[in-house]
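None of the values given here were measured: they were computed from a predicted structure.
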Amino acid sequence: QVQLVESGGGSVQPGGSLRLSCAASGGTFSTWTMAWFRQAPGKEREFVAGVTWAGGRQSYADSAKGRFSISRDNAKNMLYLQMGSLKAEDTAVYYCAARILRPTTPTINAYNYWGQGTQVSVSS
């Protein structure tokens with residue numbers, strides 16, 4: 001069965017950086033649209049960034065533009081999210097998600113597979 005496993009979360013000070021990773025197994029990763037979502041306490045899950053199956057096109061939420069970068073390595077079945085200039089409002093559980101269909105979309109229900117999430121905490 002398909003498994004998505006996130007890693008790389010942790011605690012960081014404002015202005016710091018983190019790199020999240022998502023390891024995929026059990027399916028044809030190279031054909032999936034991939035995305036990162038996040039959910040802060042008391043808030044709904046929201047789209048952060050997405051990337052097309054070949055990695056040629058990325059999309060970002062306004063809150064992530066200019067600070068975050070999504071990428072993938074299809075040879076390794078890996079998805080990444082490089083986060084910089086982190087703010088307290090970036091604190092959330094970050095989820096990796098896979099979509100069988102194309103293209104990238106911020107719609108949560110469009111994604112078929114989800115990881116268990118990794119916590120990112122930004123505070124001084």
Side-chain angles (χ1 to χ4, degrees):
Q1 69 279 17
V2 173
Q3 277 195 314
L4 301 175
V5 180
E6 301 95 335
S7 61
S11 296
V12 64
Q13 292 186 339
S17 300
L18 278 176
R19 188 195 196 202
L20 305 184
S21 299
C22 173
S25 62
T28 51
F29 176 82
S30 63
T31 67
W32 298 338
T33 296
M34 298 297 297
W36 289 97
F37 287 78
R38 69 185 182 185
Q39 188 167 16
K43 295 187 177 181
E44 294 186 351
R45 193 170 298 189
E46 63 178 5
F47 175 81
V48 176
V51 64
T52 53
W53 64 277
R57 183 171 297 178
Q58 302 86 33
S59 57
Y60 297 93
D62 287 343
S63 59
K65 287 179 182 176
R67 300 189 300 126
F68 295 2
S69 178
I70 187 171
S71 62
R72 65 191 296 165
D73 185 337
N74 286 346
K76 297 181 178 179
N77 287 358
M78 294 293 296
L79 177 72
Y80 305 101
L81 185 68
Q82 180 68 48
M83 304 187 295
S85 302
L86 284 163
K87 307 174 183 179
E89 49 264 44
D90 295 317
T91 294
V93 177
Y94 284 71
Y95 297 91
C96 168
R99 181 174 191 234
I100 297 173
L101 299 177
R102 307 169 186 176
T104 307
T105 172
T107 304
I108 293 174
N109 291 340
Y111 289 82
N112 305 96
Y113 306 110
W114 293 84
Q116 84 290 347
T118 185
Q119 176 71 48
V120 171
S121 298
V122 185
S123 68
S124 55

Point to revise | Stepwise side chain to side chain contact (heavy atoms under 4.5 Å, CB included) test for L4 and Y95 | key: CA-CA 9 Å; L4 301 175; Y95 297 91; over 6 Å; no
**Study point:** Contact summary for I70 and G50, nearest pair of heavy atoms
**Key:** CG2-O, 3.6 Å
**Study point:** Under 3.5 Å donor-acceptor, S121 side chain and T91 backbone
**Key:** no
**Study point:** side chain to side chain contact (heavy atoms under 4.5 Å, CB included) assessment of Y80 paired with V51
**Key:** CA-CA 10 Å; Y80 305 101; V51 64; over 6 Å; no
Check your understanding: Between D90 and K87, does a salt bridge (Lys or Arg N to Asp or Glu O under 4.0 Å) hold up when you go through it step by step?
Key -> CA-CA 5 Å; D90 295 317; K87 307 174 183 179; over 6 Å; no
Check your understanding: Does E6 reach the main-chain N or O of Q116 with its side chain, forming a donor-acceptor pair under 3.5 Å?
Key -> yes
Point to revise | Residues R38, Y94; criterion side-chain hydrogen bond (donor to acceptor under 3.5 Å, both in side chains); working and verdict | key: CA-CA 4 Å; R38 69 185 182 185; Y94 284 71; 3.0 Å; yes
Review point. So do T28 and W53 actually touch side chain to side chain, heavy atoms under 4.5 Å?
Key: no
Review point. Same hydrophobic cluster for V120 and V48, using side-chain heavy-atom links shorter than 4.5 Å among ILVMFWY?
Key: yes
**Study point:** Atom of S124, atom of P14 and distance for their closest heavy-atom approach
**Key:** N-CD, 3.7 Å
Practice item. Answer yes or no: is there a donor N or O on one side and an acceptor on the other, between the side chain of Y111 and the main chain of P106, under 3.5 Å? Key: no
Review point. Does S71 reach the side chain of Q82, with side-chain heavy atoms less than 4.5 Å apart?
Key: no
Check your understanding: In Å and rounded to the nearest 0.5 Å, what is the CG to CE distance from L79 to M34?
Key -> 4.5 Å
Review point. For Y60, is the NZ or CZ atom of R67 found under 6.0 angstrom from the centre of its six-membered ring and inside 45 degrees of the ring axis?
Key: no
Practice item. Can you see which heavy atom on V93 is nearest to which on G117, and at what distance? Key: CG1-CA, 3.8 Å
Review point. Are the side chain of R99 and the backbone N or O of A110 linked by a donor-acceptor pair below 3.5 Å?
Key: yes
Review point. Backbone N or O of N74 within a donor-acceptor pair of the S30 side chain at under 3.5 Å?
Key: no
Practice item. Determine the minimum heavy-atom distance between A49 and L81, stating which atoms define it. Key: CB-CD1, 4.2 Å
Study note, to complete from the structure: When rounded to the nearest 0.5 Å, the distance separating OG1 of T52 from CZ of R72 is 7.0 Å
Point to revise | Atom CD of E89: over 12 foreign heavy atoms under 6.0 Å | key: yes
Point to revise | Close side-chain approach of W36 to M83, heavy-atom, < 4.5 Å | key: no
Practice item. Would you check if F68 and L20 make a side-chain contact, meaning some heavy-atom pair closer than 4.5 Å? Key: no
Review point. With side chains defined as the heavy atoms from C-beta onward, is the minimum distance between I100 and Y113 less than 4.5 Å?
Key: yes
Point to revise | Spatial distance of atom CZ (F29) from atom CE (M78) [nearest 0.5 Å] | key: 8.0 Å
Exercise for review: Dump the intermediate steps for side chain to side chain contact (heavy atoms under 4.5 Å, CB included) on N112 and W32, then the final yes or no.
Suggested key: CA-CA 10 Å; N112 305 96; W32 298 338; over 6 Å; no
